[in-house]
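So that the names make sense, note that chain A is the first sequence line, chain B the second, and so on, each numbered from 1.
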Amino acid sequence: MPELPEVETIRRDLERHVVGRRFVGVKLTWPGCIDRPSSEAFERLLPGRRIEAVERRGKFLILRLDDGWALAVHLRMTGRLTRRSQGSERGRHLRAVLRLDDGHELQFEDQRKFGRLYLVPDAAALADVLAKLGPEPLAATFTVDDLRALVRRRHTALKPLLLDQRAIAGLGNIYVDEALFRAGLHPLRRTETLSDDGIRRLHAGIVEALEQGIRNRGTTLSSYRDAWGTAGLNQEQLLVFRREGTPCPRCGTPIEKMRVAGRGTHYCPRCQPLSRQ
DNA sequence: AGACGAACCCGGACGC
DNA sequence: TGCGTCCGGGTTCGTC
C-alpha cells in the first residue's frame with residue numbers, strides 16, 4: 001500500500017525525469033479513475049501542459065503544471081504510476097496513459113480501481129483536493145510540541161488517530177504499526193494517558209519509521225512499485241508489520257496480531273504494554 | 001467527537 | 001479442477 005515513503009520515492013524518481021516535459025496525449029482505459037474534471041474534460045485539458053515541479057502532500061503526488069494548473073494523483077491501495085517508454089508493454093490493470101513529449105509516458109495502473117487522478121486549474125482548486133490533510137510528519141515544522149497539541153486535543157486510541165489523515169498526513173497501516181512499535185506504545189493506548197515522554201517517543205517513532213521506508217525505497221508487500229516498476233526493499237526491514245508469530249526484534253516475545261480500527265494490527269505485547277509507561 | 005459499518009474493488013487465499 | 005466465500009485496505013460517508 002503506497003503510504004508517504006512510497007509516494008515520496010516515486011516523487012524523487014519522477015522529479016529528475018519529467019520536469020520540463022509536456023503532456024501530448026491522454027488515453028483513458030478506465031475513465032472512472034478521473035476524479036475531476038469529467039473524464040472527457042481531462043482528456044481535452046491535460047495535453048499541452050508542461051510539468052514544472054513534482055511535489056508530494058501526504059499520500060498525494062502532485063505534478064505542478066504551467067499556468068497554475070496541477071495534476072494530483074492518489075494511488076490508494078494498489079495504484080502505480082510508472083514512467084515507461086512509449087510502445088512498451090501495457091499491464092492488464094492499466095487505467096490511464098499520459099503521453100509525454102520525450103517519447104515516454106506515465107502509466108497509471110490500479111488493480112482495485114481505488115486510485116484517482118485530479119486535474120485542477122489553480123491553487124484554490126488544488127487546496128480543495130488537499131483540504132483535509134493534517135501536517136507533514138517529516139517537515140521540520142512538525143515538532144514534538146505539535147504532536148503534543150494533537151494528542152491533547154483528540155480523545156481516542158493511538159492507532160485510529162495516526163491513521164486519520166486529518167491528524168497527520170501520510171501514515172497508513174504499515175507505518176503506523178512500525179511507529180508505535182518504535183515508540184513502545186500499544187495501538188489501543190488512549191491519547192489521554194500519554195506522558196510527555198511517550199509523546200516524544202511517538203514523534204521519534206513516526207519520523208524514524210518513515211525515514212527508513214524512504215531510505216529503502218518503500219515497502220512492497222504485494223503491489224507497490226516505484227516509478228520504474230521496481231519493488232521496494234523496506235519489507236525486509238519491517239519490525240512488526242505482518243510478522244505475527246515471529247520473535248520481537250527487541251525482546252524475542254512473539255509478535256501478536258489483533259484488529260484495531262478495522263485493520264490488521266501488529267505489535268509486541270511486551271514492548272508495547274497497554275498500561276501507562 | 002468518536003466509533004462503527006458500508007461502500008467502492010478484485011486478486012488471492014481458503015474451504016469444500 | 002472448479003466454484004463459492006472471505007479478506008483486506010485508503011478513504012468517504014452515513015449512522016448511532
Subject >> Heavy-atom side-chain contact between A:L138 and A:E211 under 4.5 Å >> reply: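 A side-chain contact exists here, since the closest heavy-atom pair is under 4.5 Å.
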
Subject >> Ion pair check, A:R11 and A:E8, cut-off under 4.0 Å >> reply: yes

**OP:** Inspect the contact between A:R242 and A:D177 and indicate whether a charged nitrogen and a carboxylate oxygen are less than 4.0 angstrom apart.
**Re:**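 No, A:D177 and A:R242 are not salt-bridged.
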
Subject >> side-chain contact (heavy atoms from CB on, under 4.5 Å) involving A:S39 - partner list, sequence neighbours excluded >> reply: A:L28, A:P31, A:I34

Rounded distance (Å) that lies between atom [atom2] of [N] and atom [atom1] of [X]:
{"X": "A:L188", "N": "B:dG2", "atom1": "CG", "atom2": "P", "result": "16 Å"}
{"X": "A:K257", "N": "C:dG9", "atom1": "NZ", "atom2": "C1'", "result": "11 Å"}
{"X": "A:D110", "N": "B:dC9", "atom1": "CG", "atom2": "P", "result": "11 Å"}
{"X": "A:R259", "N": "C:dC7", "atom1": "CZ", "atom2": "C1'", "result": "8 Å"}

**OP:** Scan A:G262 against the nucleic acid and name what it touches under 4.0 Å (heavy atoms): base, sugar-phosphate only, or nothing.
**Re:** nothing

Original post:
What nucleic acid atoms does A:R166 come within less than 4.0 Å of, heavy atoms only: base, sugar-phosphate, or nothing?
Top reply: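 Answer is nothing: A:R166 stays at 4.0 Å or more from every strand.
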
Sub-3.5 Å pairs of nitrogen or oxygen atoms, protein against nucleotides 11-14 of chain B:
from	atom 1	to	atom 2	distance (Å)
B:dG11	O4'	A:Q111	NE2	3.1

Original post:
Would you say the ring centroid of A:F181 lies under 6.0 angstrom from that of A:F241?
Top reply: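 Ring-ring flag for A:F181/A:F241: false, centres at least 6.0 Å apart.
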
Original post:
For the rings on A:H74 and A:F114, is their centre-to-centre separation under 6.0 Å?
Top reply: no

Original post:
Taking atom CG of A:D122 and atom CH2 of A:W69, what is their separation to the nearest 0.5 Å?
Top reply: 8.5 Å

Original post:
At what distance, to the nearest 0.5 angstrom, does CZ of A:R56 lie from CD of A:E136?
Top reply: 4.5 Å

Original post:
Are OP1 or OP2 of B:dC8 and a side-chain N or O of A:K113 less than 4.0 angstrom apart?
Top reply: no

Original post:
Once you build an axis from the first five pairs and another from the last five of the helix from B:dG2-C:dC16 to B:dC16-C:dG2, how far apart in angle are they, to 10 degrees?
Top reply: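 Inter-axis angle at the termini of the helix from B:dG2-C:dC16 to B:dC16-C:dG2: 50°.
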
**OP:** Check the pair A:R80, A:E6 against side chain to side chain contact (heavy atoms under 4.5 Å, CB included), reporting the backbone distance first and the verdict last.
**Re:** CA-CA 10 Å; A:R80 299 175 177 174; A:E6 289 73 37; over 6 Å; no

Heteroatom pairs (N/O) under 3.5 angstrom, protein to nucleotides 3-6 of chain B:
from	atom 1	to	atom 2	distance (Å)
B:dA3	OP1	A:T156	OG1	3.3
B:dA3	OP1	A:R190	NH1	3.1
B:dA3	OP2	A:T156	OG1	2.6

**OP:** With A:V176 as reference, evaluate A:T265, A:L158, A:L171, A:L161 under the side-chain contact (heavy atoms from CB on, under 4.5 Å) test and give the passing residue.
**Re:**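 Per the side-chain contact (heavy atoms from CB on, under 4.5 Å) rule, the option paired with A:V176 is A:L171, out of A:T265, A:L158, A:L171, A:L161.
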
**OP:** Summarise protein proximity over nucleotides 10-16 of chain C in one line of letters, 5' to 3': B for base, S for sugar-phosphate only, - for none, counting protein heavy atoms closer than 4.0 Å.
**Re:** BB-S---

**OP:** Kindly determine whether A:S195 and A:R200 satisfy side chain to side chain contact (heavy atoms under 4.5 Å, CB included), including the steps that lead there.
**Re:** CA-CA 9 Å; A:S195 64; A:R200 188 191 54 72; over 6 Å; no

Subject >> A:F42 and A:L117: CA distance, side-chain angles, deciding distance, side chain to side chain contact (heavy atoms under 4.5 Å, CB included) verdict >> reply: CA-CA 9 Å; A:F42 184 95; A:L117 309 186; 3.9 Å; yes

Subject >> Over 12 foreign heavy atoms within 6.0 Å of CZ, A:R152 >> reply: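 Yes, because the 6.0 Å sphere around CZ of A:R152 holds more than 12 heavy atoms from other groups.
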
**OP:** Under 4.0 Å from any atom of DNA chain C, heavy atoms only: list the residues of residues 227-241 of chain A that qualify, in numerical order.
**Re:**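 Correct list: empty, so none.
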
**OP:** Treat each ILVMFWY residue as a node, draw an edge where side-chain heavy atoms are under 4.5 Å apart, and state whether A:L150 and A:L185 are in one component.
**Re:**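 They do share one cluster, since a chain of ILVMFWY contacts under 4.5 Å joins A:L150 to A:L185.
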
Original post:
Side-chain heavy atoms under 4.5 angstrom apart, residues restricted to Ile, Leu, Val, Met, Phe, Trp, Tyr: same cluster for A:I199 and A:V207?
Top reply: yes

Original post:
Cut-off 3.5 Å, side chains only: do A:T78 and A:Y224 have a donor facing an acceptor?
Top reply: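 The criterion, which ignores hydrogens and geometry beyond distance, is not satisfied for A:Y224 and A:T78.
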
